Amino acid sequence: MRILIKNGHVIDPQNNRDDILDIYVENGMIVEIEKNLDYSGGEIEVIDAKDKLVVPGLIDMHCHLREPGYEYKEDIESGTRSAAVGGFTSIACMPNTNPVIDNQAIVEYIKVKAKKVGVVNVYPIGAITKGLKGEELAEIGELKFAGVVGISDDGKSVMNSALMRRALQYAHMFDTPVIAHCEDITLVDEGVMNEGYMSTYLGLKGITRAAEEVMVARDVILSEVTGAPIHIAHVSTEGAVAIIRHAKARGVKVTCETCPHYFTLTDKVVDGYNTNAKINPPLRTEKDVEAIKKGLKDGTIDVIATDHAPHHIDEKNVEFNKAANGIVGFETALALGITYLVDKGILTMQQLLQKMCVNPANILGLNKGSLGINKPADIVVIDKNEEYVVDVNKFQSKSKNSPYHGYSLKGTVHFTIVGGKVIVRQKVLL
Ligand code: DOR
Ligand code: ZN
């Protein structure tokens with residue numbers, strides 16, 4: 001179990017590393033990071049990383065693995081394999097499973113199953129309310145004790161403000177972050193896409209941006225009055241970015257994430273009733289995309305998460321109104337970040353990594369996201385300049401619901417190493 005990664009361009013924002021270096025890994029841990037290391041002799045895998053980037057394994061703080069309950073869409077095995085080829089070595093999965101992750105037994109189940117069949121580190125997120133019903137708080141202490149890294153009713157908002165306030169107070173006591181899905185369902189009504197020119201043109205019922213922004217504002221206020229940190233999930237509108245920017249300036253303990261589809265796509269992609277572009281929150285407009293990019297650049301948006309949301313073809317191959325919300329995300333996220341943010345000069349590679357490994361690790365309290373000596377060797381080797389065409393039929397995910405099929409992107413994952421174990425070698429999943 002010895003690996004030597006030679007001559008790669010190592011970028012590790014946490015430790016201020018940005019240089020051509022070698023990395024030596026033994027027994028799953030990083031032992032040495034220096035120039036010109038020589039560990040020849042004995043059994044060792046030498047990886048030639050010349051002209052490649054060697055970076056900390058990516059961390060996705062928002063994904064859906066669908067197990068237990070919806071294994072026909074994805075399961076822990078297929079989901080973690082999909083994550084590994086996307087360059088992720090740690091992922092946090094949302095509780096909208098069946099049963100819901102609202103008790104110790106389900107948390108245990110996911111942890112045990114992930115150890116057994118998962119190829120990356122899996123961290124469950126528990127529910128805020130029992131059964132995600134928004135009526136009664138889940139046992140937050142029990143969930144934390146069982147090992148959740150945060151709580152969320154993702155997919156649904158906690159509409160009752162008093163309940164949300166109490167959730168923040170409890171979560172703060174147990175030192176666990178609350179991840180808020182912000183969507184006022186009374187404003188969504190029967191909407192299925194962003195409200196605007198495209199919804200009118202397509203004759204589909206629109207969702208006002210206010211549905212997201214009202215709840216972002218409420219949750220920021222509740223964070224401020226309770227003193228409890230809050231993390232806003234999948235930010236998609238210009239107004240939401242503005243509210244969060246303003247709150248941060250006031251010192252509110254708010255962090256937030258966006259997803260690749262909110263800085264790469266607009267509601268124009270829905271044209272033709274493309275259900276692979278149906279997602280919640282919905283794809284917005286050019287103005288929103290520009291605001292998301294600005295928020296990423298000025299640091300208002302801390303994290304890029306995938307919101308990997310696999311759905312079966314039969315749930316997408318239906319009328320737009322009836323189609324499920326969601327996009328598979330693991331296998332395109334890094335390349336979308338490189339192609340649309342780094343190559344366009346919006347973020348440096350260091351900043352992209354800050355948002356795809358360092359910040360999510362810090363928000364969830366994981367001791368991950370950097371290439372530290374004596375730390376588990378979670379490392380990816382990527383070619384930032386290699387172009388490829390997205391083909392959903394090659395995805396490791398069980399589901400293929402991606403609007404990026406046929407897109408030319410830049411950035412490929414050549415090696416994924418998790419705890420010193422090679423999971424992807426020369427772009428091939430083992
Ligand atoms: O599009 C979405 N899909 N948004 C969510 O909030 C939930 C997710 C899912 O679980 O499919
Ligand atoms: Zn989600």
Side-chain angles (χ1 to χ4, degrees), residues 60-75 79 82-83 88 91-101 123-129 131-132 134 149-159 177-185 188 191-194 207 211-212 215-216 219 231-237 240 256-262 265 267 269-270 274-284 303-316 318 320-330 332-333 360 364 397-404:
D60 187 11
M61 67 178 293
H62 185 151
C63 73
H64 300 267
L65 293 179
R66 306 302 191 203
E67 186 176 351
Y70 305 104
E71 290 85 349
Y72 65 95
K73 299 173 195 253
E74 195 80 286
D75 58 27
S82 176
F88 293 92
I91 58 180
C93 56
M94 285 295 174
N96 60 343
T97 48
N98 186 16
V100 166
I101 312 178
Y123 299 94
I125 293 169
I128 298 174
T129 67
L132 305 178
V149 292
I151 55 169
S152 180
D153 271 7
D154 183 57
K156 292 178 173 177
S157 259
V158 177
M159 285 296 292
V178 176
I179 302 167
H181 171 110
C182 293
E183 179 188 18
D184 185 318
I185 51 164
V188 172
V192 290
M193 69 174 295
N194 182 55
I207 303 170
E212 177 171 338
M215 291 308 250
V216 172
D219 286 347
H231 178 82
I232 311 291
H234 42 53
V235 171
S236 77
T237 77
C256 73
E257 72 195 26
T258 192
C259 314
H261 32 276
Y262 301 120
L265 302 175
D267 59 358
V269 187
V270 178
N274 177 8
T275 56
N276 282 333
K278 188 177 178 191
I279 175 101
N280 185 24
L283 299 175
R284 308 287 185 181
V303 169
I304 297 170
T306 67
D307 198 1
H308 178 81
H311 290 292
H312 193 272
I313 178 93
D314 292 348
E315 296 166 305
K316 285 289 193 180
V318 293
F320 196 87
N321 283 330
K322 291 192 185 143
N325 279 303
I327 291 175
V328 289
F330 288 140
T332 47
L364 298 180
S397 171
K398 281 189 192 180
S399 292
K400 314 294 170 197
N401 50 303
S402 167
Y404 299 108

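Model, not experiment: these values are computed from the prediction. Read the numbers this way: they start at 1 and go in the same order the structure lists the ligands and their atoms. Note: hydrogens, waters and symmetry copies are ignored here, and every other heavy atom, side chains too, is used.
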Exercise. Return yes when at least one N/O/S atom of H62 is nearer than 2.8 Å to the Zn ion (ligand 2), and no when none is.
Key: yes
Exercise. Flag H64 as yes if one of its N/O/S atoms falls below 2.8 Å of the Zn ion (ligand 2), otherwise no.
Key: yes
Exercise. Nearest 0.5 Å please: distance from the CD1 atom of I151 over to the OG1 atom of T129.
Key: 9.5 Å
List the closest protein heavy-atom neighbour of [atom]: residue, atom name, distance to the nearest 0.1 Å.
atom	value
atom 5 (C) of ligand 1	N280 O, 3.6 Å
atom 11 (O) of ligand 1	R66 NH2, 2.8 Å
atom 10 (O) of ligand 1	N96 ND2, 2.8 Å

Quiz item: Where on H181 is there a heavy atom closer than 4.0 Å to ligand 1, on the side chain, on the backbone, on both, or on neither?
Solution: side chain
Quiz prompt | D154 contact mode with ligand 1 (heavy-atom cut-off under 4.0 Å) | solution = side chain
Exercise. Indicate whether the side chain of E74 and that of S397 have a donor and an acceptor atom separated by less than 3.5 Å.
Key: yes
Quiz prompt | Residues T237 and R284: side-chain donor-acceptor under 3.5 angstrom | solution = no
Practice problem: Applying side-chain hydrogen bond (donor to acceptor under 3.5 Å, both in side chains), run through H312 and N401 and close with a yes or a no. | Solution: CA-CA 8 Å; H312 193 272; N401 50 303; over 6 Å; no
Quiz item: Nearest heavy atom to atom 8 (C) of ligand 1: which of H64, H62, H311 does it belong to?
Solution: H64
Quiz prompt | Geometric class of the H234/H181 ring pair [parallel <30°, tilted 30-60°, perpendicular >60°] | solution = perpendicular
Self-check item: Any H234 heavy atom less than 4.0 Å from ligand 1
Solution: yes
